[in-house]
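Following: one structure in structure tokens, then a few remarks.
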Amino acid sequence: MQECFDAIRNKISDCNSLQDRHGSRYLINGKVVIEHSPGLSGPGKSATVQVYSSTVIDPNTRKGKLSGKACLKKGKSSKKDSTKTTVYKIKLHVEPGFGNPGAFLIENNHKHRFFLQSATLVTPENKCYLPSKTPAYLVELRKEELESLRGDGTGERKEWDRIYDYDVYDDLGNPEKGPDHVRPVLGGSRSRPYPRRGRTGRPATKNGTINLDTYVPPDERCSPKKLSEFTANAIQATAHFLLPEAKSLPRDSSSFESFDDIRDLYSNNRRQAMRGTSVTEKVKKFVPAQLFKDVAHVIEEVDIKFPLPQIIRANQFAWKLDEEFGRQMLAGTNPTRIHCLREFPPRGTLTESYIEQSDIEHNLDGLSFEQAMKQWRIYVLDHHDYLLPFLRKMYSEGVCPCASRTLLFLRNDATLKPLAIELSYPSSSNNVDGMKTMVFLPEKEDIPQALWQLAKAHVAANDSAYHQLISHWLHTHAVVEPFIIATRRQLSVMHPIHRLLDPHFKDTMHINALARTVLINAGGILEKTLFTGKFSMELSSELYKQWRFDEQALPSDLIKRCMALEESENPRGAHMLFQDYPYGLDGLDIWLAIQTWVGDFCDIFYEDDASVKSDTEIQAWWSEIRNVGHGDKRKEKWWCQMTTKADLKRTLTTL
């Protein structure tokens, strides 16, 4: 069952409708759509629907007049993907002079929960209101609901609570399992800043099981299908580490005797699975009973082989090709880190590169070094200085990564050719300066060729970890959660910007909560699959220090990395310099489409800059994002002031 349904729910949904005369009263026809478990009956008389007037006040409550109640009975049901959807036709009787309907009041007193998918009137004229234009008799209701959604910041959240609040990442470790499972708190300090997460008020799970029942507000919970997919993936991935039968992952690097051992990790498209009751019983030990029941069909066959990577399906040696190595920087998993080199040698925040001009000038396809630099033909993939402070810690855990800088040359056929790789690793001293550095160049034969392949493998490992921890988790999931919380707390559902953003926040808070349980937690999947290990989230905190919201706009990002030039007369805001770069080239088309859509939407509701400035909810929303949700960066000067339509449009397009 989708455990995201309210026990008692008062939800205001803006609406407007025509009324039909019915005797001495008026009759309003409407429709309510809910989702609930296939095995349960509908709520019947236990769930009621009423509407508030938006034009006539009740002198006793000082709110809009309230209609009579209609019950959710005799609905028409359908089932899809383990979810039962029921549509109820409702008839609401109101007295003459009720005025125009303005908001729904829906209550559920049934013992089972349901998800309210929609509530509409038969002839709706759906409206959004800026705070200053809210009908007088909906003002108090608008205020009350926002106050109820904010809560008071105390207590443990219950599954039926619709409360949004902030907290730091203090639930990643599990000290009761020993010192190896202690993790630092992320957020709330200068040394370890982090975006805020949704507050649960609950202690972290201590019993060693996979607990996917962590609290998120009901409106944020995934659909049953989405939750089932996530659960199945989590259990299958975790099985590789928790089940003795899953020998697919070597325990250390010495387990690899040959490349055949590595290739044997993959199924080569032939299904190879663990079968039998022993697997089921072992999985049952670390999965809660209800969760086990929900996903038992998934773990009847747990794959112990990984799917064959697409790169080597046609050519098992494709990974060795320099051309493929270069292509991955532009069209692989992580195309967001590469940038054009504008000064030589490359420099970071801590070090200057050991790569010399003489290492690369002979390999520029006939161009001189000066010509290549002037034509912006040399690129760098930099995973160096941010890793240096962590290397010695990782070595103490028995893992031996290297910080890397990679130089590449843009050829006439628009492919990238690697020129040199710089690898750094700890020496015997205990500071950043105490690093040993080696520079590797492309080689074709014998031991130098093997070392070149090894250097490329280090670069690929760094790029993969950066993608998972930074490009994906931090820059996509973690930084957005404060925007979601602030939207629910400060923008009424009547607000047009709430309506604009709502579909784009779907499932994110729930996925983030689940990630804290099985992916980014101590001993979780990312710690077990990335070389960063137990320092993974600490590393992402360090890189959050470099995060700027204004640079998340795609044109700004491409311009900063010198992959494009600023072009103010271009509606995309930038002109691509690199035509065979789908992330940038296709991305700018998508950016323009979103920018146009957001701009047209905002123009409907905001007449001028003053209307943005005077929007009390938008100003509270933006202030809370800056000062609370991303409070560790509240003093940064790059935040816009949100005083113009341009500020609002740019922010929403970026988000």
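Note that the structure is a prediction, hence the values are computed from the model and not measured.
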Please evaluate residues Thr487 and Trp621 with respect to the criterion side-chain hydrogen bond (donor to acceptor under 3.5 Å, both in side chains), reporting the C-alpha separation (whole Å), side-chain torsions for both, the decisive distance (0.1 Å), and the verdict. CA-CA 6 Å; Thr487 298; Trp621 173 75; 3.0 Å; yes
Stepwise, does the side chain to side chain contact (heavy atoms under 4.5 Å, CB included) test hold for Cys602 with Leu652? CA-CA 10 Å; Cys602 289; Leu652 295 174; 3.8 Å; yes
Please evaluate residues Arg499 and Ser492 with respect to the criterion side-chain hydrogen bond (donor to acceptor under 3.5 Å, both in side chains), reporting the C-alpha separation (whole Å), side-chain torsions for both, the decisive distance (0.1 Å), and the verdict. CA-CA 9 Å; Arg499 189 164 294 187; Ser492 166; over 6 Å; no
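Salt bridge Arg157/Asp165: absent, no basic N to carboxylate O contact under 4.0 Å. With respect to Asp171 and Arg197, a salt bridge is recorded, a charged nitrogen being found less than 4.0 Å from a carboxylate O. A salt bridge links Arg196 with Asp632; the closest basic N to acidic carboxylate O contact falls under 4.0 Å. Salt-bridge annotation for Glu159 and Arg221: absent, with no side-chain N of the basic residue lying under 4.0 Å from a carboxylate O of the acidic one. Using a 4.0 Å cut-off between charged side-chain N and carboxylate O, Glu145 and Arg162 make a salt bridge. A salt bridge between Arg488 and Glu220 is present, with a side-chain N of the basic residue lying under 4.0 Å from a carboxylate O of the acidic one. Arg489 and Glu624 are joined by a salt bridge, as a carboxylate oxygen and a charged side-chain nitrogen come within less than 4.0 angstrom of each other.
Applying the salt bridge (charged side-chain N to carboxylate O under 4.0 Å, His left out) test to pairs two or more places apart or on separate chains, those with a residue in residues 46-74 are Lys63-Glu144.
Looking at heavy atoms from C-beta onward, Thr200 lies out of side-chain contact with Asp167 at the 4.5 angstrom threshold. At least one side-chain heavy atom of Val612 sits less than 4.5 Å from a side-chain heavy atom of Gln619. A heavy-atom distance below 4.5 Å is found between the side chains of Leu72 and Val32. Contact of the Met509 side chain with the Pro217 side chain is registered, since non-hydrogen atoms from C-beta on lie closer than 4.5 Å.
Counting non-hydrogen atoms of neighbouring residues, nucleotides and ligands closer than 6.0 angstrom, the NZ atom of Lys633 exceeds 12 such neighbours.
Between Gly68 and Leu92, the shortest heavy-atom distance links the atoms O-CD2, 3.4 Å. Closest heavy-atom contact between Ile497 and Phe601: CD1-CE2, 4.3 Å. Heavy-atom minimum distance, Tyr215 versus Asp161: OH-O, 2.7 Å. Scanning both residues, Asp550 and Arg548, for their nearest heavy atoms gives OD2-NH2, 2.7 Å. For Leu186 against Ser541, the heavy-atom pair with the smallest separation is CD2-CB, 4.0 Å. Closest approach of Ser471 to Thr476, counting heavy atoms only: O-OG1, 2.9 Å.
Ring geometry for Trp639 against His630 counts as tilted: the plane angle lies between 30° and 60°, on a 0 to 90° scale. Taking the six-membered ring where tryptophan is involved, the planes of Trp622 and Phe483 are tilted, since the angle between them lies from 30° to 60°. In this pair, Trp547 and Tyr544 present their aromatic rings parallel. The plane angle is below 30°, not in the 30 to 60° band.
Using a distance-only test at 3.5 Å, with no hydrogens or angles considered, a donor-acceptor pair links the side chain of Asn627 to the main chain of Ser623. In this structure a side-chain-to-backbone donor-acceptor pair under 3.5 Å is present from Ser540 to Met537. A donor-acceptor pair is defined here as one N or O able to donate and one able to accept, closer than 3.5 Å; no such pair exists between the side chain of Arg142 and the backbone of Val139.
For Phe98 and Tyr52, the ring centers sit 6.0 Å or farther from each other. Aromatic ring centres of Trp597 and His504: separated by under 6.0 Å.
When each of Asp603, Asp600, Asp608 is checked for a salt bridge (charged side-chain N to carboxylate O under 4.0 Å, His left out) with Lys645, only Asp603 meets the rule.
Lys649 forms no cation-pi arrangement with Tyr606, by the criterion of a distance under 6.0 Å to the ring centre and an angle within 45° of the ring axis.
For the atom pair Cys222 SG and Leu514 CG, the distance stands at 6.0 Å (nearest 0.5 Å).
Residues Arg150 and Gln490 have side chains that bring a donor and an acceptor to within less than 3.5 angstrom of each other. With no hydrogens or angles considered, no side-chain donor-acceptor pair links His472 and Asn334 at under 3.5 Å.
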